[in-house]
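When a residue number appears, it is its place in the shown sequence, counting from 1. The figures that follow rest on heavy atoms only: side chains count, while hydrogens, waters and symmetry mates do not.
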Amino acid sequence: MEAFVFLSAKFEIVQVIDQLNNTKKTLFSFEILPPLKGKSIESIYEGIDPLMEFNPAFINVTYHREEFIYKKRTQGFLEKIAIKKRPGTVGICAAIKHKYNVEAIPHLICGGFTKEETENALIDLHFLGIDNVLALRGDPIKTERHFVAEDGGNTYAKDLVEQIVDLNQGKYIDEEIENATPTNFSIGVAGYPEKHFESPNLLSDVKRLKEKIDAGAHYVVTQLFFDNERFFNFVKLCRVEGIEVPIIPGIKPISSLRHISFLPKFFNIDLPAALTDQLDQCKTNEDVRKVGTAWAIQQSKELVEFGSPCIHYYTMGRSKTVRTIANEVFG
Ligand code: FAD
């Protein structure tokens, strides 16, 4: 069994985990997406309200990069326009903290940001009292074959971690700033129990993860997975490679017929045969939801048994299913 990981250093989320884990209870947390542009923040609250009774340790809010579309203009010209379909990550985090008094964690990515812009975003967060971030590289945009960093931007999540650590030490890009106020960010990073899709193998990916921790990240949140054995092996490998920080498993209940092909393709993960055997019998979304919910409950119970400090649920706008699972596991 994975021992609950305790750290004495003063790091916000790790501290939350520490304090709450004194009871040796696995914590509950979840991720939400900003609403599509034009929708109100009420849609966010409607997703959060049903989950509040399970006392979430923190709520993550994803970040969505701009997408490029072509608009027809006069004389047949096409104009390339950048649009953000889901803006509002920082505002939502501030609103969540204000309304629910729960730690809200914005995802911060390298893609699309120069270091200067990243620094300004971090300053905004610091002024808002948001002291936790999940530092990510981001995926290539649809028109790119490979991830391309902005000129003067961070290339890997590790570089972003280094920039945040610098700011925590009062080192701003402009070295001439005198008596600079240090920030106090607690930094999470992504881990992949089935390896990141660009990585040559799992060990190589774990070594890259170790570099992010060595750069100053405080904990790991994993990509979603459906096979607990893959997660247990990943944790074991991380520990062997010297990664000692908390590793928080990410769980997504499969809940529609579309998910059966979409999730493996989009997240580069496998669905275990024992699960697909059951999904093959499903005729409707409701059938899938039942199988997916039961699977996620079983996964969660095993992860609690394993000693996971927290289980992080990907709601993807569907808090009803996560509520059913939380009721069984944390109720
Ligand atoms: P990195 O840690 O930088 O790793 C990327 C790849 O580069 C890996 O294959 C790694 O092994 C390799 N690598 C690392 N360092 C080096 C090096 N020095 N040389 C060569 N190779 C190297 N994306 C979003 O756009 N918005 C979100 O809100 C978001 N939330 C996420 C939340 C979680 C929990 C997870 C797991 C992913 C999330 N993502 C999000 C997706 C993420 O941005 C992508 O998976 C991205 O492709 C990799 O991000 P990373 O931070 O893991 O990158």
Side-chain angles (χ1 to χ4, degrees), residues 5-21 29 57-63 89-91 93-94 96-97 102-138 147 149-191 206-221 238 241-248 309-310:
V5 180
F6 297 101
L7 296 180
S8 55
K10 184 188 170 296
F11 300 130
E12 233 166 294
I13 280 304
V14 178
Q15 249 186 349
V16 172
I17 293 171
D18 263 8
Q19 283 164 11
L20 298 172
N21 278 167
S29 67
F58 51 92
I59 300 171
N60 279 44
V61 184
T62 54
Y63 183 87
T89 302
V90 173
C93 285
I96 290 173
K97 272 196 91 153
V102 171
E103 279 308 316
I105 307 184
H107 293 189
L108 194 61
I109 64 170
C110 304
F113 286 81
T114 62
K115 285 190 187 177
E116 178 80 25
E117 288 162 344
T118 297
E119 185 173 277
N120 291 339
L122 288 163
I123 291 169
D124 278 345
L125 293 171
H126 179 57
F127 287 166
L128 284 165
I130 295 169
D131 292 327
N132 291 284
V133 287
L134 190 70
L136 301 148
R137 186 196 71 180
F147 175 82
E150 286 301 293
D151 280 346
N154 291 307
T155 304
Y156 293 107
K158 177 184 150 239
D159 308 327
L160 177 55
V161 171
E162 283 169 353
Q163 185 177 4
I164 303 169
V165 168
D166 276 352
L167 220 55
N168 278 351
Q169 292 167 356
K171 279 192 227 157
Y172 288 66
I173 294 170
D174 178 356
E175 288 165 0
E176 285 170 20
I177 297 176
E178 286 177 9
N179 302 320
T181 310
T183 54
N184 185 32
F185 288 106
S186 158
I187 310 162
V189 287
V206 167
K207 286 180 190 287
R208 296 298 186 194
L209 177 58
K210 172 84 166 40
E211 289 173 3
K212 293 193 273 192
I213 305 304
D214 291 346
H218 304 124
Y219 64 98
V220 178
V221 183
C238 287
E241 291 302 311
I243 296 172
E244 290 172 358
V245 298
I247 300 176
I248 299 173
C310 182

For Phe113, all residues meeting ring-ring contact (aromatic ring centres under 6.0 Å, His included), sequence neighbours excluded: Tyr63
Those residues that, when tested against Asp214, pass side-chain contact (heavy atoms from CB on, under 4.5 Å) (two or more places apart): Lys210
Under the side-chain contact (heavy atoms from CB on, under 4.5 Å) test, residues paired with Ile177 that sit two or more places apart: Tyr172, Asp174, Ala180
For [X], side-chain hydrogen bond (donor to acceptor under 3.5 Å, both in side chains) partners two or more places apart:
| X | value |
| --- | --- |
| Glu241 | Lys207 |
| His126 | none |
| Asp124 | none |
| Thr118 | none |

According to salt bridge (charged side-chain N to carboxylate O under 4.0 Å, His left out), who are the partners of Glu116, at least two apart in sequence or on a separate chain? none
Considering non-hydrogen atoms only, spot the tightest contact between Ala135 and Ala157 and give its length. O-CB, 3.8 Å
Would you sort out whether Val245 and His218 count as a side chain to side chain contact (heavy atoms under 4.5 Å, CB included), showing the intermediate values? CA-CA 6 Å; Val245 298; His218 304 124; 5.6 Å; no
I need the single residue from Asn168, Asp131, Asn132 that forms a side-chain hydrogen bond (donor to acceptor under 3.5 Å, both in side chains) with Ser186. Which is it? Asn132
Pro106 vs Val61 side-chain heavy atoms within contact, under 4.5 Å: no
Less than 4.5 Å apart, side chain to side chain, heavy atoms only: is that true for Cys110 and Phe147? yes
At what distance, to the nearest 0.5 angstrom, does [atom1] of [X] lie from [atom2] of [Y]?
| X | Y | atom1 | atom2 | result |
| --- | --- | --- | --- | --- |
| Ile105 | Asn60 | CD1 | CG | 4.5 Å |
| Ser29 | Ile59 | OG | CD1 | 9.0 Å |
| Cys310 | Phe58 | SG | CZ | 4.0 Å |
| Asn184 | Ile130 | CG | CD1 | 13.5 Å |
| Ile187 | Lys212 | CD1 | NZ | 12.0 Å |
| Glu119 | Thr183 | CD | OG1 | 9.5 Å |

Only one of Leu134, Thr89, Leu122 forms a side-chain contact (heavy atoms from CB on, under 4.5 Å) with Leu108, so which one is it? Leu122
May I have the list of side-chain donor-acceptor pairs in residues 158-167 shorter than 3.5 Å, sequence neighbours left out?
from   : atom 1 : to     : atom 2 : distance (Å)
Asp159 : OD2    : Thr155 : N      : 3.2
Asp159 : OD2    : Tyr156 : N      : 2.9
Gln163 : OE1    : Asn154 : ND2    : 2.9
Gln163 : NE2    : Lys115 : O      : 2.9

